[in-house]
Each structure stands twice: as structure tokens, then as C-alpha cells.
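Down below is the structure, laid out as C-alpha cells.
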Amino acid sequence: MSPSLPNLARRLKHRHLELLIAIAHHGSLTRVAAQAGISQPAATKALLEIEDIFEAPLFLRTGRGLQATPLGELAIARARRMHNDLSLWAREVQALQQGHAAHLHVGAVPYVSSALLSAAIATLHARHGVTLTLHRATTDHLLPMLRRHELDCMIGRVSAFTELDGLAHEVLYHQRPCLIAHAQLARRLQARAPDWAGVAAMRWVLPEVKTPTRHLIAEHFIRQGLPPPTPIVEAYSTDVIEGLLGNDDTLISVVPEEIAQELAARGRIGRIDWDWGWNLPPINLIRRVRSDERTPAAEAALEDILREYCARMPADNNGGKR
């Protein structure tokens, strides 16, 4: 017999959601009890109460701790989503009470221009009174956050390997790769004809191997008949890349062209404008598909502002040719 909707709605409490999430995280009622500051019998009683609501076991008791049943995995996933929705709701209420229109949580990969993000966030608040928390991370970290309702939307890359079930995406702008180095090294390389064999043997700072950018860089050198560069440091943060290259005139890296322009404007880093002959995967706006509701007004406002600013970017960034 399965639990009825009224039974779930009437008996399931917020503390049940928190317990399910804690069990999934710790895998042991002993650790859950210690973290919550309650006795283990109390934690056991609470779990039995939840299983009584669902009228079925949610976890198997094994020698290695609690292992979720298929029903338990579903309960955990829904508990996380409901908990995150309630947290977002609470922040939206707080924002309204403080005189703001709404509050958004937005993810962005490190290779999205800081100038673009800063302008969009400032315009969003000026026009609509919306506040925003920005989460910077790679696409593979941000997508699960979006699915768990920890983010309202995200700005990142989509590739053939990206799992987009339940998500919608829209291309905002395109990016070209650009070599960067310490300003002195960049001036020396810029004065030469492109020498891919020479730079392949240099000391590199590159993104992690699983990122789309790293794959494309490796493929570029392979097409030149050269082994891909082996980095001495793997880093995706533009602040870290700028710090490393700015203090070492033997290091070289690749970032999107507009990021290279921002770094070069600060003086420590220089651009090497060699033509790679290809674009990076485009930057997309990614959001959850909502089948039964309209896009919230604050999120729709951000989307319109992002489209507005991206439309002002050079034609090359919007799919044009050199």
C-alpha cells in the first residue's frame, strides 16, 4: 500500500526533510545524532516515523551504515529540493521585507566576463530592485546545484556531453581562445609568427582535464602533429591564473578573448593574438524547464538584461566571422 497525498502533506514536516538530508550526507544515525545534538534512539525514532509515513523502508541497515532503497533515494532527492525551495522562499521573503523586489541565486563559470556580470547585476538592481548571490564554479559543479534548486539559473557552457534532461539553454555569446602570458613574454611571442611547437614545450597553466576548454586545446595541438601541453598547474580561476602568470615570465595559458582583454588591461598580463582557427563552446543561459508555471519575474528580468548586454558585444562574440 502506498501513502496517500493527504497523508504525506499532513504528516511530513520540515524536520523530516532535514533528517533525510542528514542521513544521506552522513550515512549513519550515530553521526546524524551527534551532528544534530540528539541521542541515537531519538534519531532512530525519527527515522521510523518517516518510514511509517511512507509505509515502507527508506534505508537498508548494513554493516557500512544506512543504504537508501529506491524509495529512499526518491525521498532524499525530493527532500533536498523541497528544503532548497523553502530556503529560497525564505530569502525572497527577507528580500521583500528589506525593500528589495526579490533575491536570485545565479551560477556562473569562471570564464564568464566579470565586466559582463558586474554590469548585469548592477542593472538588475537599479531597474528592478533585485538582489543576487553569485556562485562561481565549473559547469559540472553548477548543474547539480541547479537541479537541486540551489540556483535559479546559471551561465555556463553546454557541450555534446552535457546532460540537459529537464533543463533549457539559450546561447548568449560565443568565445574565442586567446593565449596569455606575463607581459614581457607576451610581447616577445606577439612579435613572432605563430609557433605552436615552441609554445607546446613551454610551462602551462590550464583548466582541469575534464573541462571542454582543455579538450579543445589538446585537440588543437594534436591536429598540429604535436603532443598536447602538460600543465604544471591546473587552474580555472582567472584570479589564480593572473597571479601565477603575473609573477612568472615563463608561464603561458589560454583564456577566452574577453577575459584576456580584461587581464591585459590591468598591466601584468599580455595577450598573444594568434589565430586558433576555432571557437570555444558558447556561453549559455541554463535554467530548469517549468511546465506548469511562468518564469519568475526577477529571473525573467535578469535574462532580458543578459540578452541586452550580450547583444552589444562584438559581432565575433555573437557568432560572426572575422
Side-chain angles (χ1 to χ4, degrees), residues 106-122 134-139 141-142 155-157 172-192 194-196 198-200 202-209 211-218 220-221 229-284 306 309-310 312-318 322:
V106 177
V109 297
Y111 283 173
V112 174
S113 163
S114 295
L116 168 65
L117 291 173
S118 299
I121 292 169
L134 182 66
H135 303 260
R136 285 281 216 174
T138 56
T139 299
H141 284 89
L142 293 175
I155 306 164
R157 299 195 192 281
L172 290 174
Y173 66 97
H174 294 76
Q175 291 183 318
R176 286 201 305 263
C178 184
L179 275 174
I180 58 171
H182 185 283
Q184 293 179 357
L185 176 58
R187 283 194 292 271
R188 294 198 299 270
L189 292 174
Q190 183 66 26
R192 307 179 191 171
D195 176 13
W196 297 111
V199 296
M202 289 183 172
R203 302 170 71 237
W204 285 79
V205 177
L206 291 174
E208 294 179 18
V209 69
T211 57
T213 300
R214 179 71 175 275
H215 292 163
L216 289 169
I217 293 168
H220 176 83
F221 284 92
T230 301
I232 64 165
V233 178
E234 290 185 339
Y236 214 167
S237 163
T238 55
D239 291 338
V240 171
I241 293 170
E242 181 181 20
L244 289 168
L245 271 60
N247 291 319
D248 189 333
D249 64 2
T250 68
L251 292 176
I252 195 167
S253 188
V254 180
V255 296
E257 197 168 53
E258 70 273 14
I259 303 294
Q261 183 175 344
E262 291 177 8
L263 295 177
R266 296 201 280 264
R268 301 172 66 198
I269 305 298
R271 298 171 46 168
I272 303 109
D273 293 318
W274 295 355
D275 187 359
W276 292 74
W278 45 266
N279 283 351
L280 294 164
I283 294 296
N284 287 256
L306 286 170
Y309 278 103
C310 291
R312 300 177 188 173
M313 299 179 85
D316 287 338
N317 293 95
N318 285 296
R322 285 192 187 212

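By convention here, the first residue in the shown sequence is residue 1.
- Two residues are said to be in side-chain contact when any heavy atoms from C-beta on lie closer than 4.5 Å; Leu116 and Ile155 fail this criterion.
- Ala115 pairs by the side-chain contact (heavy atoms from CB on, under 4.5 Å) definition with Ser113, Glu262, not counting sequence neighbours.
- Nearest heavy atom pair, residue Ala235 against residue Val205, reads CB-CG1, 4.1 Å.
- Not counting sequence neighbours, the partners of Ala186 by the side-chain contact (heavy atoms from CB on, under 4.5 Å) test are Ala181, Ile272.
- Side-chain contact between Leu172 and Pro282 is absent, with no heavy-atom pair separated by less than 4.5 Å.
- Residues satisfying the ring-ring contact (aromatic ring centres under 6.0 Å, His included) criterion with Tyr236, sequence neighbours excluded, are Tyr111.
- Side-chain N or O atoms of Trp204 include none that pairs as donor or acceptor with a backbone N or O of Val254 at under 3.5 Å.
- With sequence neighbours left out, Asp195 forms a salt bridge (charged side-chain N to carboxylate O under 4.0 Å, His left out) with no residue at all.
- In this structure, His220 and Trp196 have perpendicular ring planes: the angle between them is above 60°, well past the 30° mark.
- Contact annotation: the side chain of Leu185 never approaches that of Thr250 to less than 4.5 Å [non-hydrogen atoms, C-beta and beyond].
- Put simply, NE2 on His174 and CD1 on Ile283 are 10.5 Å apart, with the number rounded to the nearest 0.5 Å.
- Side chains of Arg271 and Glu257 form a contact here, defined as non-hydrogen atoms less than 4.5 Å apart.
- The heavy-atom pair separating Pro110 from Ala137 by the smallest distance is CD-O, 3.4 Å.
- Note: Leu206 CG to Ile252 CD1 = 9.5 Å, rounded to the nearest 0.5 Å.
- Across every non-hydrogen atom of Pro177 and Trp278, the tightest pair is CD-O, 3.2 Å.
- Side-chain polar atoms of Thr238 and Arg136 form no donor-acceptor pair below 3.5 angstrom.
- By the ring-ring contact (aromatic ring centres under 6.0 Å, His included) test, His135 pairs with His105, sequence neighbours left out.
- Each of Leu179, Ile217, Leu263, Leu245 was checked for a side chain to side chain contact (heavy atoms under 4.5 Å, CB included) with Ser253, and the lone residue meeting it is Leu245.
- Closest heavy-atom contact between Pro231 and Arg214: CD-NH2, 3.3 Å.
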Is there a side chain to side chain contact (heavy atoms under 4.5 Å, CB included) between Asp248 and Arg203? Walk through the geometry before answering. CA-CA 10 Å; Asp248 189 333; Arg203 302 170 71 237; 3.1 Å; yes
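- The shortest distance between side-chain heavy atoms of Gln175 and Glu258 falls below 4.5 Å.
- Inter-residue side-chain proximity for Arg268 and Asn247 is flagged as met; some heavy-atom pair is nearer than 4.5 Å.
- If you take CD on Gln190 and CG on Asp273, they are separated by 5.0 Å, rounding to the nearest 0.5 Å.
- Atom OH of Tyr173 sits about 9.5 Å away from atom CG of Leu306, to the nearest 0.5 Å.
- At a threshold of 4.5 Å between non-hydrogen side-chain atoms, the residues Ile269 and Ile241 do not count as touching.
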In sequence, state the C-alpha distance, the side-chain angles, and the governing distance for Met202 and Leu189, and then conclude on side chain to side chain contact (heavy atoms under 4.5 Å, CB included). CA-CA 12 Å; Met202 289 183 172; Leu189 292 174; 3.7 Å; yes
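- In terms of the side-chain contact (heavy atoms from CB on, under 4.5 Å) criterion, residue partners of Pro281 (sequence neighbours excluded) are, by chain and number, Arg157, Pro212, Leu216.
- Rounded to the nearest 0.5 Å, atoms CG (Asp239) and OG (Ser114) are 7.5 Å apart.
- Taking CD from Glu242 and CD1 from Ile180, the interatomic distance works out to 8.5 Å, rounded to the nearest 0.5 Å.
- Proximity of Tyr309 to Leu117: side-chain heavy atoms (C-beta onward) are nowhere separated by under 4.5 Å.
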